[in-house]
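Residues take their numbers from the sequence shown, with the count starting at 1.
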Amino acid sequence: MLKSRMLLFGLVSMFITICTSGFARMSYGILMPFMKDSLSLTYKQAGMLGTSTALGYLGMVLFVGIMTAKWGSKRLIIIGTFFVAAGLMYLYVVNDFLTSLIGMVVLGVGTAFVYTPMINLLVGWFPQNRGVMIGFAISGMGLGTLISSMLVPHFTSWFADDGWRYLWLLFGILSIAMGIIGAKTLEDAPNSENQRDTGGVSIVQDVYFHKGVLLVGFMYGLLGFAYLIPQSFLFSYIMESGMNRHSAGQIMALGGLMSIVSGPLWGAISDKIGRKRALLINLFIAGISILIPIFLPVLSCFFISQFFWGLTFIGMLSLSQALSTEQIDESYAPIALGYVTIFFGVGQILGPGLGGIIIDRFGSIPAALWLCFGLIAAAFLLGTRLAKAEIREWQNVKEHSS
């Protein structure tokens, strides 16, 4: 029974994540060049659209963590999925920067209602398999990227300059369908009632100022800053390096394909060797993958880079999330995840916007990729300080999970 529930919840959560994080967040970097040309945007404005989604996300995510602890996860997941669907379909009709800005903010708010509650629901049901379950759910981000990469060349050929509009519309319709499926299949974990009885003072002392939670938060913020830079601008860099849109789509599709296995792979590895060790290995590979196209912007190296980036970037996010839930008592897990996601959201705000400014300033997309590499390196250095906290908290996790 438990294994069948793991499979069902894993699949449903993955498909909801495809819509709410894959289509609503990750697809923007692939659709951005076509939106930019169609709406006559600068790179700075294009970057600010990605930033606006992060602003909407950040504005809600702390409240969502507390709401999840009080009211349960399923209700917020469904609300958020329908909210995302509305934002996606709205983007079908935008005609300038300001109207696009509204739609992107809506996507961020909707994603916030889904992301933390989804992780909390899975951790509540499967505490001893949290690494692989979180990885399974978050792999939907990569699958959404893969689907977008495969569809963009066809939609831009079928509908010319309006191809990106029809893709947003299609993504919105699929999100409605997944919201209905989620409402009929997902259930709050049996221990969710205990998680809802939390005190404000205890939250501040036991979560917000907890050293382990803060360390994970700073790492997660750096990664939030870093990962949206290649997601937002690499597609454009590939085309500027002489590749056509079909080759660029294939390269991005490879990254999306590898990211499907990234979450479950690194989650399973971390369940065996520990989160800290798995995360450090992951970050080392990710950093190297970002450097490859900077020095060798040729077709084969873009493929190699995307292979390893896709294999790691979803894993680094899922490992950070799993670490945040292990630093404190299980009853505070959704609040801790919501809290560290604030750091992540701040990083997301800075990433695309600053990346676009750097590109406009230096006239070079690789300048933004260097920034991405530096942020990953900084996260790696912080990660080396996680050892003692992780060893200490692992025993607590085992006690609460038994």
Side-chain angles (χ1 to χ4, degrees), residues 13-14 16-18 20-22 24-27 29 50 53-54 57-58 61 108 111-112 114-120 122-123 130-145 215-232 255-256 258-271 275-276 278-287 289-290 308-326 336-352 372 375-376 378-380 382-383 386:
S13 64
M14 181 181 69
I16 289 178
T17 306
I18 288 173
T20 58
S21 293
R25 300 296 301 276
M26 308 305 292
S27 294
T53 306
Y57 184 90
L58 179 61
V61 71
T111 304
V114 175
Y115 203 68
T116 298
M118 182 67 75
I119 301 304
N120 180 61
L122 295 174
V123 169
R130 71 183 64 202
V132 69
M133 290 304 293
I134 291 174
F136 204 82
I138 201 173
S139 65
M141 296 172 63
L143 189 52
T145 304
L215 185 56
V216 174
F218 283 120
M219 289 183 59
Y220 202 24
L222 289 170
L223 296 178
F225 194 161
Y227 93 101
L228 280 182
I229 294 175
Q231 294 305 122
S232 298
M258 298 310 302
S259 65
I260 296 172
V261 303
S262 175
L265 172 65
W266 290 102
I269 291 172
S270 71
D271 284 339
R275 314 285 180 228
K276 177 233 176 184
L279 182 59
L280 291 179
I281 296 171
N282 176 291
L283 292 176
F284 179 81
I285 297 172
S289 73
I290 291 298
F308 287 108
W309 177 251
L311 192 65
T312 53
F313 90 90
I314 295 295
M316 72 174 69
L317 305 184
S318 63
L319 291 176
S320 299
Q321 293 166 10
L323 273 167
S324 74
T325 66
E326 291 180 347
L337 179 58
Y339 180 53
V340 300
T341 306
I342 294 175
F343 293 81
F344 183 68
V346 171
Q348 288 182 307
I349 290 172
L350 297 172
C372 177
L375 294 166
I376 292 174
F380 181 92
L382 282 179
L386 277 171

All N/O donor-acceptor pairs, side-chain side in residues 219-227, below 3.5 Å, sequence neighbours left out:
from, atom 1, to, atom 2, distance (Å)
Y220, OH, Q321, NE2, 2.8
Y227, OH, Q348, NE2, 2.9

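- Residue L317 holds its CG atom at 10.0 Å from CG of L279, rounded to the nearest 0.5 Å.
- When the ring-ring contact (aromatic ring centres under 6.0 Å, His included) test is applied to Y57, no partner is found at least two apart in sequence or on another chain.
- Closest heavy-atom contact between V216 and S320: CG1-O, 3.5 Å.
- In plain terms, the two heavy atoms of S21 and T111 that are nearest each other are OG-CG2, 3.9 Å.
- The aromatic rings of F343 and Y339 lie perpendicular to each other, with more than 60° between the two planes, well past the 30° mark.
- For M14 against L143, the heavy-atom pair with the smallest separation is CE-CD2, 4.4 Å.
- The nearest pair of heavy atoms linking S13 to A137 is OG-CB, 3.5 Å.
- Note: M258 CE to L311 CG = 4.5 Å, rounded to the nearest 0.5 Å.
- With values rounded to the nearest 0.5 angstrom, I290 atom CD1 is found 8.0 Å from T312 atom OG1.
- The minimum heavy-atom distance linking W266 with A278 is given by the pair CZ3-O, 3.5 Å.
- Rounding to the nearest 0.5 Å gives a distance of 14.0 Å between CG of L280 and CZ of R275.
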Legend entry - Derivation and outcome, side chain to side chain contact (heavy atoms under 4.5 Å, CB included), residues Y115 and T20: CA-CA 8 Å; Y115 203 68; T20 58; over 6 Å; no

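- The distance from atom CD1 of I16 to atom CE of M118, rounded to the nearest 0.5 Å, is 4.0 Å.
- Residues S324 and V340 approach most closely at CB-CG2, 3.6 Å, considering heavy atoms.
- Checked by atom type and distance alone, the side chain of S262 pairs as donor or acceptor with a backbone atom of G315 at under 3.5 Å.
- The distance from atom CD1 of I376 to atom OG of S289, rounded to the nearest 0.5 Å, is 6.5 Å.
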